[in-house]
Structure formats: structure tokens, C-alpha cells
Amino acid sequence: MLRKINCFFHFPKHVSFSSSSNPCTCQLPLSSFPPSSPYLKSLCSNGQLGEALLEMAFQGPAMKFEGYDALLNECVNQRAIREGQRVHAHMIKTCYLPPVYLWTRLIVLYTKCDSLCDARRVLDEMPERNVVSWTAMITAYCRKGYASEALNLFIQMLRSGTEPNEFTFATVLTSCIGPNGINLGRQVHSFIIKTSFESHVYVGSSLLDMYAKAGRIHEARGVFECLPERDVVLCTAIISGYAQLGLDEEALALFRRLQMEGMSSNYVTYASLLTALSGLAALDHGKQVHNHVIRSQLPSYVVLQNSLIDMYSKCGSLTYSRRIFDSMPERTVISWNAVLVAYSKHGKGNEVVELFELMREENEVQPDNITILAVLSGCSHGGLEEKGLEIFYEMETGRFGVEPEIEHYGCVVDLLGRAGRVSEALDFTKKMPFEPTAAIWGSLLGACRVHLNVEIGDSVGRRLLELEPDNAGNYVILSNLYAYAGRWEAVRALRELMKEKAVIKEPGRSWIELDQILHTFHASDRSHPRREEVSAKVMELSVEFKEAGYVPDLSCVLYDVDEEQKEKILLGHSEKLALAFGLIATPKGVPLRVIKNLRICVDCHNFAKFVSKLKGREVSLRDKNRFHQIVGGICSCGEYW
DNA sequence: CTAGGGTTAG
């Protein structure tokens, strides 16, 4: 209605203006009034999409490029798909022939409104396409995770003779992520070199990320070093590349170097850095990053807060972890998962269950498969097998909206095995709808070792060795079990088999952080400046502990040497070195926080209990899977890990 | 008009 009034107001003015240039205009019928593009544009820029659509209807076939452009622009801004469809329909009805630009705006509109089919239809039906139209569609497929559609379309684009540009390359490479995409990615890389886009930062970041995510970190680094220009995203990509591969020291070192060279950081950079610090359990560094984040008054980014939750928990500080979680103005499922995992790894089963109940009560975010995994493994580590089973059966009814996957079944096997219900666990693996993985057999074997079930352990262990002949850990556990049972012949046979298959054990490393320095120890590495002193201290402790009842567990040594040698090997284990160093280098009563890259061995676990009891230190040991919080000789793991 | 890096688990 408003428009009509306006129209009449404008009428006389318009006629007088037009008549001066073209005297015939005043006789034209009403429908051919020259349209008021500025008016339509102002409606659009005010966000009055409804009014603007009325104006469009009023103008009918007189609609011009500017009007459509303004309308589509605002539809994109508002993600207004229905309104956009009306504009689209109007073009068709009035036989308007849009230029490529407008067709492309339609594609963009549909992709931003998650209507990829509509977008694709436009692309297929428009009379001609340019690089932007193709790229917009490819980008949409990439973002939605439709990698093969994206790549097919890219190929179709090349066949059509359209030259890709830097936008196309930056986006299409994100669909070459993963082991299968790498070959195609290399081809795209050579194409990029041929077309001279290889020094473009956006293209470079994408390329780098592709190599990093395929585990080809040297190639990623090569791309990084060759780029003439660097920005935050590129620097973050290489740092997170290292961090995601567990190359935490490299990530940290590179961050330091780049920072000295003047790199700017943003919240993504910090999140990636925190991932590396979590891996290293570098609490002092982590706190420094946290302080920096607070001081620089960054807005509250959920992603960054999530990283902080994880960092504190993996550095052993559950309190801080929870504090971050509680202070967050908004949380995603990842925030909940991170804090659930935190409690789970610390063996706090009750807290896990409590928090999960709170999550369901608040009902702001829906649990996902990882949530349930964290809860189940929390119940397992926390000794709540009945509760865990209850939750698993509830999951099977579909109550959480998450379908049970093989990992969930694995948790139940772990749960039953840990509770000593080993044969039930074995039955469960037979009944579950998945083929058991090596991890599941491994957890069952662990249960057999702890509960000394040689019969099941024997058959499970054999299957496991067939399935995973290269994993040294399996040989160790099975050998432990045979040793407990006094089956020395079997121990020997296992050792032969290991030699035959040339299984290489990943070297065990342990470290401890003192004043922002990580002191790393390794059984056969003598590079630490105080290494001699540390070894002497271990010997001294061993003597002292033996008087108090410590008996070295020689079954932890797989080498075929005499007992004296075995004991010597045990005393060289990296965990003991790190503990001894902690005792030497910190004042009495200070808790010791030791991190190990592998599972901790039974003997070292025992040794640590003596440290806590006889030396009056709380010992926090983080191994590959979980935390061992040892106070007064009692460990939070309940002797099962 | 079209583009790159990120947090939980394993």
C-alpha cells in the first residue's frame, strides 16, 4: 500500500522529467512505469524484504538487474530461501534473462541456505557458467563434506574449459583430505604449479593442510617454507599440523620461532597450541597461554575454552578444567565431552555420571557418540560397571539418539573385563553385531592378565597376535600372563616369535615439567645433564623401598637375560628416572607430575606407590590412557589400567 | 558473486 501512495506522489514529477527527453512517455500504460530501482534498493538495505518483494511484483517485467541484485543480496544476508525462490520464479515468469552474475548469486543463495540441490539445478540450467559459479558450487560441496561431488564437479569444470582460480584451488584441496585423497591432491598440486598459483597464501594453506592431514608433515613443511607470504591462517595450519600428528615439541618450537619472527596469533592459533601443550602436559606453558588469552581480552570463543578445558585436564588439573567449563557463557557438545573425558581419565566415575545427568536435564545440547563413549569409559575406569551397563542398554533402546558403534561395544567389554567378569566379556564379543577389533581383544587380554585368567587369555592373546603382530605391547601383556602362570616355556616361545617378526617396541619416554622446562628421560638415552645423579638416586630408592617390601616384578622384562640384568633393566625404566629426578629437583612435599608416552608397566606403578608412601609425595602419573593419582601408596586406578 | 587454519574420542 505504501508503495502505491509513493507512486502517485512520484507520478507527475516523473512525467515531466521523462517528457522532456521523450514526449511519448506520458502516454504509456501504467504497467510500464519506469521502475524505481533506488526505492527497491533502499527497502532491501533496510532489510524490508517483504516490502521489497511487493515492489518486485509491482514492477513486473520492468524489473532490471539492479533490482534483482539488491533483492538477492538481501536474501543471501538473511538466508531467506523462500523469498529467494520467489525472486527466482519472478525472473522465469517475466522471461528475464539474467547475466551470469545473477545466476551465480542464486547459486550462492541456495548454497548458503543449505539447499544444494536447488543450487546445482541452477548451475546445470544456466546458459553459461564462469569460474565463480563453478567455484561457489564446489565450495558448497566441500563444506558439506561431499568430497566426491566436489571433485567430480571440479573435473567437469576443467572439461568445460573454464580455468580455475585461487579460490577454486583453495577450496577443492579441502576435498582431497585423507589417505585416499592424497594422490588426487598431488595432481592438483602439480596443476597449481603449472598455473602459477603455488605462491598464493590461501592456496598454500590448503595445500599444507592437506599434506599435514595425510601425515606427510615434511611435505607440509616444504609448502610452508616455500611461500613468500605468511599470515595467521598459514602459520596456524602448520602448527596444528604438527600438533594433530602428536609432534607436540615441534609444534611448540615452531610456535616460539614464528612468534619471535612476528607472527600474529588468533584464537585458532591458541587452540592449536593448547592441543600441543595438552599432549606434553606442559601445565606451566598452558597457564601462560591462558593468562595471555585473559589479558588480551579476546572475546569468549567456545573452541578456545574447549581447548583450555582439555589442556587443564590433560595436565592433571581437574579443578581448573571444571572451572573453565563452569564459567563458559555457552557450551557445545564438545565442551561437555571434554569435561566428561577429563573426569573419566581421572577415574572419577561418579562425577562422570552426575555430569551426564546434568547434561540431560539441561537439554541444551544433545549427546553424541563421543559423549556416550566418555560416559561408558568413565564408568569403566571409575569401577561403576552396573551403571555403565545400564547406560549401554539405555543407549540400545535409542534413548540418547546415538546408535551404538563398535567403540561402545568395546567399552562394555572393558567394563565387564575390569569387573572380573571375563567370560561374560568374551560372550559379549561373540554376540555383538561387529567383528571385534584388535583394541577389543587387547582390552580383554588386559582383563585376563589382571584377573589371572590364563585359559581365556591364552586364546584371546593368540588371536590378537595374529591380528596385530606388530604391536609389542600385546606380547608384553601376554608374556606377563604366562609368567604369572609359571609357563616359562610359553614365555620363551613368545620371545622367539617376537624376534622372528622383528617387532620393535616403541621406546618408552617419561617427562616431568619443572619451571617451564620439560625434562625427558628415556631408558637408553643418557643426554640429560643430571642423568648420572638420577640413576644413582633410583638405585638408592630401590634399596630403601626393598626394605619396606618392594619386590621388583621381573616379569615386566621381556629380554632373555639373568635376573640381575632384568632388575637393572627395570631400574632404567623412564618413569623411575623421571620420578627420581622429581625427588632430587623439587623441595620436600611438592607433588610429582610424571607423564609417560606408553602404558605404565606394573613394576613402575608399584615403585611409584612406594615413592608416594615413603617419600610423602603425591604422585600423578599420566600414561597413554589415563591418570594414576597416587596418594599414600593408594592409586586411583584401582590396580587396573 | 567464489577461498585457506580450530576444540572432544581413537
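Quick note on labels: first sequence line is chain A, next is B, and so on, each numbered from 1.
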>> With salt bridge (charged side-chain N to carboxylate O under 4.0 Å, His left out) as the criterion, how do A/Arg360 and A/Glu394 come out once you've worked through the C-alpha distance, each side chain's angles and the decisive distance to 0.1 Å?
In response: CA-CA 13 Å; A/Arg360 297 183 64 195; A/Glu394 209 175 337; 3.3 Å; yes
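For B/dG4, the OP1/OP2 oxygens have no side-chain nitrogen or oxygen of A/Lys213 closer than 4.0 Å. Taking side-chain N and O atoms only, A/Lys345 has no distance below 4.0 Å to OP1 or OP2 of B/dT8. For B/dA3, one of the phosphate oxygens OP1 or OP2 lies less than 4.0 angstrom from a side-chain nitrogen or oxygen of A/Arg143. In this model, the phosphate group of B/dG6 is approached by a side-chain N or O of A/Gln244 to a distance below 4.0 Å at OP1 or OP2. Using a 4.0 Å cut-off, some side-chain N or O of A/Lys314 falls inside it from OP1 or OP2 of B/dA9.
For A/Tyr101 and A/Phe65, the ring centers are positioned less than 6.0 Å apart. Aromatic rings of A/Phe325 and A/Trp336 (six-membered ring for Trp) have centroids within the 6.0 Å cut-off, being under it. Taking the ring centroids of A/His189 and A/Tyr211, they lie under the 6.0 Å cut-off. Aromatic ring centroids of A/Tyr320 and A/His290 lie 6.0 Å or more apart.
In this entry the distance linking CD1 of A/Ile372 with P of B/dA9 reads 16 Å, nearest Å. With rounding to whole Å, A/Phe65 atom CZ is found 11 Å from B/dC1 atom P. Here B/dT8 presents its C1' atom at 15 Å from CG of A/Leu318, a figure rounded to the nearest Å. Put simply, CD on A/Glu407 is 17 Å from P on B/dT8, counting in whole angstrom units. One atom, CD1 of A/Ile217, and another, P of B/dG5, lie 15 Å apart when rounded to the nearest Å. One can place CG of A/Leu234 at 19 Å from P of B/dA3, the figure rounded to the nearest angstrom. In this structure, A/Phe154 atom CZ and B/dA3 atom C1' are separated by 13 Å, rounded to whole Å. For A/Tyr211 and B/dG4, the OH to P distance is 18 Å, given to the nearest whole Å.
For A/Ser206 against B/dG4, no side-chain N or O and base N or O form a donor-acceptor pair under 3.5 Å.
A/Leu373 comes within 4.0 angstrom of nothing in the nucleic acid, heavy atoms only. Within the nucleic acid shown, A/Asp368 has no heavy atom closer than 4.0 Å to any nucleic acid atom. Residue contacts shown for A/Thr104 include a base, since a base heavy atom lies under 4.0 Å away. Note on A/Val172: nothing from the nucleic acid sits closer than 4.0 angstrom, heavy atoms only. Here A/Val201 lies in heavy-atom contact (under 4.0 Å) with a base. Residue contacts for A/Asn165: at a heavy-atom cut-off of 4.0 Å it reaches a base atom on one of the strands shown. Using a 4.0 Å heavy-atom criterion, one finds that A/Thr269 contacts the bases of the nucleic acid, with or without backbone contacts as well. Using a 4.0 Å heavy-atom cutoff across all strands shown, A/Tyr267 reaches at least one base atom of the nucleic acid. Note on A/Asn266: a base of the nucleic acid sits closer than 4.0 angstrom, heavy atoms only.
With hydrogens and angles left out, the side-chain atoms of A/Tyr110 and A/His88 include a donor and acceptor closer than 3.5 Å.
Among the nucleotides B/dC1, B/dG5, B/dT8, the one closest to any side-chain atom of A/Val108 is B/dC1. With distances taken from any side-chain atom of A/Ser240 to the nucleotides B/dT2, B/dG6, B/dT8, the minimum falls on B/dG6. With distances taken from any side-chain atom of A/Thr139 to the nucleotides B/dA9, B/dT7, B/dA3, the minimum falls on B/dA3. Checking B/dA3, B/dT8, B/dG5 against every side-chain atom of A/Val268, the shortest atom distance belongs to B/dG5. Counting only heavy atoms from C-beta on, A/Val232 has its side chain closest to B/dG5 among B/dA3, B/dG5, B/dT8. Side-chain proximity of A/Tyr202 to B/dA3, B/dG6, B/dC1: nearest is B/dA3.
Crowding of A/Arg159 atom CZ: a count of heavy atoms from other residues, nucleotides or ligands under 6.0 Å not exceeding 12.
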